[in-house]
Amino acid sequence: MRPLFIAVGWAVLFILLIPEAALAAAEPAALDTGNTAFILICSALVMLMTPGLAMFYGGMVRSKNVLSILMQCLAVMALVSVQWVLLGYTLSFGPDHSLLIGGLDFLGLKGVGMEPLAGSAGIPQAAFAGFQLMFAMITAALISGAVAERMRFSAFVVFTILWTTLVYDPLAHWVWGGGWMARLGIMDFAGGTVVHISSGVSGLVAALVLGKRLGKDQETIRPHHLPMTMLGAGLLWFGWFGFNAGSALAADGVAAQAFLVTNLCAAAGIFSWVGAEWLHHGKPTLFGAASGAIAGLVCITPAAGFVSPMAAVIMGFLVGPICYLAVSKVKDQFGYDDSLDAFGIHGIGGTLGALLTGVFASRSVNPAGFDGLLAGNPEQFMLQVLGVVATYLFAGLVTYLILTVIGRFTELRVTAAEEEFGLDQSLHGEDAYVDTDLSGISQAS
Amino acid sequence: MRPLFIAVGWAVLFILLIPEAALAAAEPAALDTGNTAFILICSALVMLMTPGLAMFYGGMVRSKNVLSILMQCLAVMALVSVQWVLLGYTLSFGPDHSLLIGGLDFLGLKGVGMEPLAGSAGIPQAAFAGFQLMFAMITAALISGAVAERMRFSAFVVFTILWTTLVYDPLAHWVWGGGWMARLGIMDFAGGTVVHISSGVSGLVAALVLGKRLGKDQETIRPHHLPMTMLGAGLLWFGWFGFNAGSALAADGVAAQAFLVTNLCAAAGIFSWVGAEWLHHGKPTLFGAASGAIAGLVCITPAAGFVSPMAAVIMGFLVGPICYLAVSKVKDQFGYDDSLDAFGIHGIGGTLGALLTGVFASRSVNPAGFDGLLAGNPEQFMLQVLGVVATYLFAGLVTYLILTVIGRFTELRVTAAEEEFGLDQSLHGEDAYVDTDLSGISQAS
Amino acid sequence: MRPLFIAVGWAVLFILLIPEAALAAAEPAALDTGNTAFILICSALVMLMTPGLAMFYGGMVRSKNVLSILMQCLAVMALVSVQWVLLGYTLSFGPDHSLLIGGLDFLGLKGVGMEPLAGSAGIPQAAFAGFQLMFAMITAALISGAVAERMRFSAFVVFTILWTTLVYDPLAHWVWGGGWMARLGIMDFAGGTVVHISSGVSGLVAALVLGKRLGKDQETIRPHHLPMTMLGAGLLWFGWFGFNAGSALAADGVAAQAFLVTNLCAAAGIFSWVGAEWLHHGKPTLFGAASGAIAGLVCITPAAGFVSPMAAVIMGFLVGPICYLAVSKVKDQFGYDDSLDAFGIHGIGGTLGALLTGVFASRSVNPAGFDGLLAGNPEQFMLQVLGVVATYLFAGLVTYLILTVIGRFTELRVTAAEEEFGLDQSLHGEDAYVDTDLSGISQAS
Amino acid sequence: MKKIEAVIRPTKLEELKKVLNDMGVRGLTVYNVMGRGLQQEIKHYYRGQEVSIDLFAKVKVEIICPDHWQESIVNGIIATCQTGAIGDGKIFIYPVEEVIRISTGESGNAAL
Amino acid sequence: MKKIEAVIRPTKLEELKKVLNDMGVRGLTVYNVMGRGLQQEIKHYYRGQEVSIDLFAKVKVEIICPDHWQESIVNGIIATCQTGAIGDGKIFIYPVEEVIRISTGESGNAAL
Amino acid sequence: MKKIEAVIRPTKLEELKKVLNDMGVRGLTVYNVMGRGLQQEIKHYYRGQEVSIDLFAKVKVEIICPDHWQESIVNGIIATCQTGAIGDGKIFIYPVEEVIRISTGESGNAAL
Ligand SMILES: Nc1ncnc2c1ncn2[C@@H]1O[C@H](COP(=O)(O)OP(=O)(O)O)[C@@H](O)[C@H]1O
Ligand SMILES: Nc1ncnc2c1ncn2[C@@H]1O[C@H](COP(=O)(O)OP(=O)(O)O)[C@@H](O)[C@H]1O
Ligand SMILES: Nc1ncnc2c1ncn2[C@@H]1O[C@H](COP(=O)(O)OP(=O)(O)O)[C@@H](O)[C@H]1O
């Protein structure tokens with residue numbers, strides 16, 4: 001660990017010394033209908049990922065908690081959308097300050113309108129703002145998987161607002177908004193660090209702060225509805241095309257490449273996860289296949305526009321067993337209760353992806369990108385390591401602080417009685433499934 | 001009410017006097033691949049709204065009636081698609097007659113082909129016809145929510161054909177096909193009046209004609225499957241981007257703006273609905289969040305291309321509590337049984353949206369639009385009121401007539417025994433869910 | 001049958017004589033953002049069809065086998081994606097050899113990158129490869145419907161790899177990759193033969209080889225979750241727009257036409273299937289409506305870019321009763337157990353579509369197409385017959401060979417005990433639905 | 001003590017609960033069951049293939065009560081659930097040897 | 001009167017219904033239950049984490065009948081549901097005090 | 001032989017199964033039921049409309065055992081499932097006339 005810290009130290013110093021260069025004012029681009037159509041539709045696809053995640057996660061919890069998960073996802077959609085317009089977009093994509101944060105010029109989306117974004121491929125700035133919003137949304141929603149089945153809803157609401165403002169917005173600025181990571185050349189095509197590592201690590205910290213679910217030690221808690229999880233995985237995969245290909249910000253060859261490798265890595269992830277469990281306990285499972293697909297999608301995210309199809313296949317073959325190990329063995333050994341494996345899949349898969357981007361990236365694939373280790377550029381790999389470490393530290397620390405502060409004012413966790421009863425009943429006063437045509441029947445115990 | 005009637009009277013008179021001006025024959029546009037791609041994909045998104053609605057509604061009924069709802073949605077898709085090709089498109093978008101209805105030039109889609117639509121942004125007329133068809137579909141499907149759990153299927157089939165021909169097609173012509181509302185300058189970007197008020201009001205009338213569901217007075221009927229409703233809400237939200245942004249009929253800045261405000265108003269609607277119920281009975285519910293999202297989407301529909309993001313947030317904050325009040329209090333007081341709140345959400349939300357369009361619209365957002373009240377143009381607000389009132393009267397009256405006529409020939413409502421038994425069994429001879437691996441078991445009682 | 005065989009014989013001879021003409025090297029096209037956006041999004045839509053199919057099929061099986069169906073679909077996605085990159089694409093779309101198969105130039109997608117495909121409307125070759133991959137995926141997945149509830153998973157995995165390589169890839173080459181069917185002018189816009197007949201016929205053969213499900217003769221096996229099937233039908237319909245309109249390979253008038261007729265034929269299919277069953281046993285069913293929609297979509301697939309809206313309506317009106325007859329009567333008479341009617345709907349519907357393409361195709365709709373029977377060109381109809389017969393023979397025979405070979409090495413079918421127990425339990429060690437918040441409970445018997 | 005089991009139409013449960021409550025009978029346990037009796041079987045069709053349905057969804061309500069309540073409870077059930085048509089269901093009565101309340105350990109009538 | 005409860009494999013229900021019907025026994029009530037007996041527990045894995053499954057899905061069929069039918073019904077059940085393997089299930093027999101048909105108010109054997 | 005029915009909180013089932021197993025009681029049958037007792041009803045709201053919930057999800061565990069096991073099983077259930085709060089549930093005990101194991105045809109205590 002030591003050399004890493006030193007590297008980080010140097011990097012920080014180095015960054016502080018970079019003169020705050022004004023980006024060469026780009027020529028106003030003419031609107032391109034093809035690219036605009038692409039980004040708008042991709043935004044819709046990415047938006048669908050959050051309801052998709054709700055299904056993916058919803059199927060995994062016990063039936064008494066399924067509505068609480070769906071509710072967290074819908075709440076994130078509401079909170080982050082409003083926050084983004086008021087503050088988030090400008091913090092992330094406003095004119096850079098000290099490579100750390102965007103300025104407040106776009107407060108309330110002032111001036112973000114129909115005109116093409118300067119320097120873009122002819123996309124209205126409103127479209128860019130909408131596209132990026134969907135990323136902020138799904139990222140915050142991912143965390144709910146780590147705290148599922150025990151976090152109080154009101155605490156979750158406050159946490160979401162603070163987290164998206166204090167963790168997501170700065171990170172998005174660093175990587176995509178012209179901040180220090182961008183300046184250093186750390187590569188993250190569609191959000192390996194910004195989206196997956198940040199949410200995974202924050203989820204892990206939150207799971208540790210909240211503690212384990214009741215009864216977790218006595219028994220393995222099983223998904224209550226795997227077809228729902230499968231549906232969610234399908235919608236996520238679908239939306240991920242918008243996520244990764246859309247991140248080219250144009251309907252061009254890079255987008256096409258990103259599209260192709262996204263699909264491949266998901267496929268290879270299924271392959272390798274199912275293979276690992278088949279060897280390990282003798283049976284291939286649907287839950288494993290769905291998990292492997294998501295792990296593959298996570299892993300390719302930072303690399304999507306930069307690597308070749310064959311590299312994507314290799315990445316998918318690696319991410320399956322590694323994530324499988326993380327969720328089946330490592331979690332137990334360390335003893336944290338990351339309910340739905342937000343860290344195990346998004347944290348670990350994102351980390352692997354960010355690092356492998358530094359291995360497999362190649363300018364022969366995308367001349368606008370960088371070369372990685374295999375193309376003879378070990379510096380890029382070190383930069384990727386730096387990006388990962390910085391994201392772990394930043395996201396982990398700030399999440400911990402946010403939770404500590406909220407914990408001062410209110411309980412983070414439901415009572416034991418509420419947990420036994422189920423969050424649907426105790427927090428939301430609803431039943432997910434009502435069997436007969438009669439009122440007056442509840443699943444509560 | 002009186003002044004309104006007088007206003008309507010004047011308006012009618014006024015319209016009758018407008019000379020039937022020939023629209024300046026627009027130059028044939030060259031095909032634009034970006035815009036065509038956009039409209040085709042948006043059409044697919046809007047098509048998905050009807051299955052999405054089937055899920056949204058299906059989760060809300062009792063398990064013995066879920067298939068009947070899905071069946072109504074599929075039937076609408078079949079009936080309206082065929083009607084549109086034969087007759088609907090030409091009635092709506094054929095050359096105008098007296099500002100009231102389109103001529104029969106496009107009967108059977110004759111001449112509606114690959115060539116770009118005159119005056120469009122380079123979109124084949126077939127694409128335009130397909131896009132508009134999806135609107136006709138979802139509109140007719142919305143009504144099923146008001147008559148759920150008691151209407152006979154055969155009566156519903158006949159009703160759908162007549163309603164789409166006699167109510168939807170003329171309304172679409174008035175607003176989007178060059179009819180009198182368009183001529184007067186009443187604004188409806190994507191269907192606040194045409195789609196939501198018309199279906200909501202017609203649903204209300206149908207609910208009144210059919211009477212209450214059995215047992216409705218003794219007990220609150222609960223949704224049988226809220227995750228299904230959540231999934232439906234997610235698909236609707238997704239499709240709504242096609243609905244609202246696609247209504248720009250080009251992949252341009254207006255579409256981008258419409259996209260952004262659509263998302264915002266849905267988000268703010270969740271916020272405000274959940275806030276209202278949290279204050280009212282102490283718990284935030286998933287069902288409330290999903291309902292608020294849809295209410296927000298309805299409300300922004302007429303305004304989407306005309307208002308700023310901040311206006312959208314305000315609209316979302318207003319629509320939640322107002323619709324909540326409508327479905328939780330007003331409905332009980334008036335005592336009608338709008339089973340799934342087609343009127344309470346689409347009627348009320350659409351009305352609010354149409355009126356607020358007249359308040360918040362601004363040419364600074366979209367130079368091709370009009371200014372509203374806040375931009376110093378109170379006439380626009382009065383026009384919006386006129387549009388709303390006219391739609392209420394027209395849709396309500398014609399729906400009532402259609403139902404009365406059908407009622408002469410056949411029963412509109414199932415028998416009490418069929419209703420107890422459940423519509424799935426009695427009308428369709430099917431069970432939605434079969435528990436075991438055995439045949440010979442039914443949910444019927 | 002005799003004349004057909006003779007015709008086939010002649011055709012084969014004729015083909016062998018065609019000199020292997022080098023396709024005129026097309027000019028490298030400039031990238032078109034609109035067309036690229038269209039194809040990428042259409043690819044995403046087609047990808048969604050496989051999870052959609054999983055839902056469609058999953059709802060139809062008994063609850064003890066639902067995961068096994070979902071698992072087969074996910075496995076196909078994984079296997080075909082990887083196979084396609086390594087081998088499938090180049091076999092299908094590599095430079096033609098003897099009109100029979102593509103060369104190995106694109107092995108591992110070598111050289112398939114960001115540059116526009118020669119001769120295309122400005123689409124990167126990577127996008128074309130991705131789009132075509134999704135077709136290979138859904139085709140292999142369709143077969144799972146015929147072998148559902150009894151095939152061993154490991155045998156299914158091997159079968160999928162061999163089938164996609166030995167059946168799908170050559171067929172795709174013949175029709176779309178410049179093979180003999182293309183050369184002869186057999187028309188298949190989006191996959192009537194390549195996708196639907198091939199999977200349907202192969203499914204039939206596999207069902208015959210595997211034998212009937214246990215208990216099939218004693219009782220009709222009922223769908224366990226029809227709303228899931230409805231959801232699947234909705235997603236398939238949605239994705240089918242990408243399938244059919246996308247097959248224009250450009251966002252143009254042909255795509256718009258294809259879009260419109262796709263929707264129409266689905267609608268008319270609902271109409272006619274439900275009508276047939278309503279007449280036959282007195283009740284319209286949701287399962288019938290969903291089946292009719294899919295039958296309509298299958299039927300229009302080969303014809304989509306070539307026929308008029310009115311022709312599509314007629315095709316839809318024909319396909320419903322014919323497929324209904326196939327699944328309700330013919331299947332029983334012949335006594336095969338095509339579990340979920342992969343042959344009854346895709347085989348029969350695809351055959352009808354391929355033949356009717358030869359009847360209704362018209363250059364007045366698409367000048368780049370051919371005229372059919374009604375436009376005075378009976379030869380085209382004979383060509384279509386030839387295409388159908390060749391596909392039946394080829395797919396049926398090779399499938400039989402593959403299964404025979406696999407059967408030498410391993411059991412194709414689960415044991416009776418595993419079948420009784422349910423495949424979810426016995427093959428995958430999972431339960432789809434877990435009722436309570438307790439572990440240690442299983443649906444196994 | 002007696003155990004009274006009533007297999008009834010699901011749509012009658014809500015009313016029966018109220019009636020019993022008004023009679024002072026609060027404790028009861030409800031099962032979702034499927035039953036066959038004299039009720040005529042019906043035909044369903046799935047893709048045109050016939051299925052004969054002879055088990056119907058019923059609700060079983062189980063009440064454990066002191067001996068002397070038996071009659072009035074049975075009468076209450078009949079009064080509430082009788083429509084006169086086949087399929088109304090049946091009441092079965094069984095002997096009970098002992099009842100214990102888990103929360104307190106009380107037993108006998110006191111536990112009811 | 002007697003109550004015969006048979007906990008059986010779900011896959012045997014369809015056949016058992018037919019056999020009973022042929023014997024003239026129409027009335028029966030079916031429950032979805034989960035049971036544990038001598039049947040061996042099995043292991044499931046969810047994301048690699050082991051779950052031990054010791055409750056299996058069973059179907060319980062309940063038949064209330066006159067005393068003299070008991071033997072033939074029990075024999076019918078055994079004949080139909082016996083495979084000889086563990087997990088075939090069990091039959092329990094209980095005394096019944098009274099039966100009442102709700103639709104008519106009849107009681108005793110006449111109500112069956 | 002006796003039949004011991006315990007209506008308990010669903011969250012207690014897992015533990016109860018273990019306790020019974022340790023006592024050597026393996027055979028049991030579990031039902032998902034809904035019950036009403038002294039437990040207070042609660043209010044739910046669906047789109048602002050009130051629903052009063054008075055039936056709660058419970059699990060019923062049924063154990064048929066030889067007479068002399070009754071006491072220890074009852075004690076085991078109380079020890080495991082008692083929290084002292086309302087809603088813990090109840091135990092009911094019934095006479096059993098006969099038990100038959102389907103797989104072998106054995107009857108009486110040997111069949112348990
Ligand atoms: N002999 C029996 N044993 C067990 N359950 C029975 C018996 N007879 C009837 N039932 C139950 O009672 C329900 C109603 O019986 P049914 O004969 O349909 O009504 P009715 O007695 O009013 O004509 C059946 O569905 C079944 O669950
Ligand atoms: N002592 C018992 N009490 C209650 N139910 C029992 C008992 N023994 C068995 N059962 C029920 O009978 C089912 C079959 O029992 P099992 O021992 O698995 O079969 P077999 O008796 O044929 O070996 C169990 O799953 C359980 O539901
Ligand atoms: N008299 C009764 N008859 C049938 N079931 C009963 C009776 N009393 C209680 N129960 C069952 O026992 C469960 C627990 O009873 P409850 O009164 O809530 O708990 P407690 O007895 O611990 O206060 C109820 O939900 C119901 O299922």
Side-chain angles (χ1 to χ4, degrees), chain D residues 1-8 10-35 57-67 69 73 76-77 92-112, chain F residues 1-9 12-13 15-16 19 29-41 51-62 64-65 67 70-97:
Chain D
M1 281 165 297
K2 301 293 177 193
K3 166 166 159 182
I4 303 173
E5 273 185 19
V7 181
I8 61 169
T11 42
K12 289 291 182 185
L13 174 60
E14 199 59 17
E15 205 182 327
L16 181 58
K17 276 191 329 191
K18 283 198 196 106
V19 169
L20 291 174
N21 204 36
D22 294 349
M23 289 169 60
V25 179
R26 244 199 98 71
L28 50 80
T29 302
V30 178
Y31 302 70
N32 282 316
V33 301
M34 294 153 293
K58 299 282 171 189
V59 155
K60 188 181 97 174
V61 179
E62 196 172 278
I63 303 145
I64 283 82
C65 66
D67 295 3
W69 284 17
I73 292 180
I77 296 172
F92 304 111
I93 295 168
Y94 307 88
V96 179
E97 294 194 348
E98 187 56 284
V99 180
I100 300 126
R101 160 170 290 130
I102 297 176
S103 57
T104 58
E106 289 164 287
S107 66
N109 283 352
L112 286 174
Chain F
M1 282 165 296
K2 301 292 177 194
K3 167 167 160 181
I4 303 174
E5 273 185 19
V7 182
I8 61 168
R9 297 180 194 275
K12 289 292 182 185
L13 174 60
E15 204 182 327
L16 181 56
V19 168
T29 302
V30 178
Y31 302 71
N32 282 316
V33 301
M34 294 154 291
R36 184 171 81 172
L38 301 179
Q39 219 172 335
Q40 201 58 41
E41 60 192 35
V51 186
S52 174
I53 306 290
D54 58 4
L55 284 176
F56 295 93
K58 299 281 170 189
V59 155
K60 188 181 95 173
V61 179
E62 197 171 277
I64 285 80
C65 66
D67 293 4
Q70 175 180 331
E71 207 185 314
S72 53
I73 292 180
V74 166
N75 289 341
I77 297 173
I78 294 181
T80 315
C81 301
Q82 192 177 63
T83 69
I86 280 177
D88 275 354
K90 292 207 166 69
I91 302 172
F92 305 111
I93 295 168
Y94 307 88
V96 179
E97 294 194 347

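Values below: all heavy atoms of this structure, side chains included; hydrogens, waters and symmetry mates excluded. Keep in mind that what you see is a predicted model, and the values were worked out from it rather than measured.
- Residues from residues 60-67 of chain D that place a non-hydrogen atom less than 4.5 Å from a non-hydrogen atom of chain F comprise D/Glu62, D/Ile64, given in numerical order.
- Within the 4.5 angstrom heavy-atom criterion, only side-chain atoms of F/Tyr31, from C-beta onward, approach chain D.
- Remark: D/Glu14 CD to F/Asp54 CG distance equals 6.5 Å, nearest 0.5 Å.
- Put simply, the side chain of D/Arg26 gets close to the backbone of F/Gly37: a donor and an acceptor are under 3.5 Å apart.
- Ion pairing of F/Glu5 with D/Lys3 is present here, as a side-chain N (NZ or NE/NH1/NH2) and a carboxylate O approach within less than 4.0 Å.
- Looking only at heavy-atom pairs under 4.5 Å with chain D, the residue among F/Ile86, F/Ile8, F/Val33 that has the most is F/Val33.
- At a threshold of 4.5 Å between non-hydrogen side-chain atoms, the residues F/Met34 and D/Asn32 count as touching.
- Looking only at heavy-atom pairs under 4.5 Å with chain D, the residue among F/Gly35, F/Cys81, F/Gly89, F/Ala85 that has the most is F/Gly89.
- Within the 4.5 Å cutoff, side-chain heavy atoms of F/Leu55 are placed close to those of D/Lys17.
- When all heavy atoms are compared, the tightest approach of F/Pro95 to D/Glu97 is CB-OE2, 3.3 Å.
- Contacts of D/Thr104 classified as side chain to side chain donor-acceptor pair (under 3.5 Å), with partners at least two apart in sequence or in another chain: D/Glu106.
- Of all non-hydrogen atoms in D/Ile102 and F/Ile78, the two that sit nearest each other are O-CG2, 4.2 Å.
- D/Asn21 is listed as a side-chain neighbour of F/Arg36, based on a closest heavy-atom distance under 4.5 Å.
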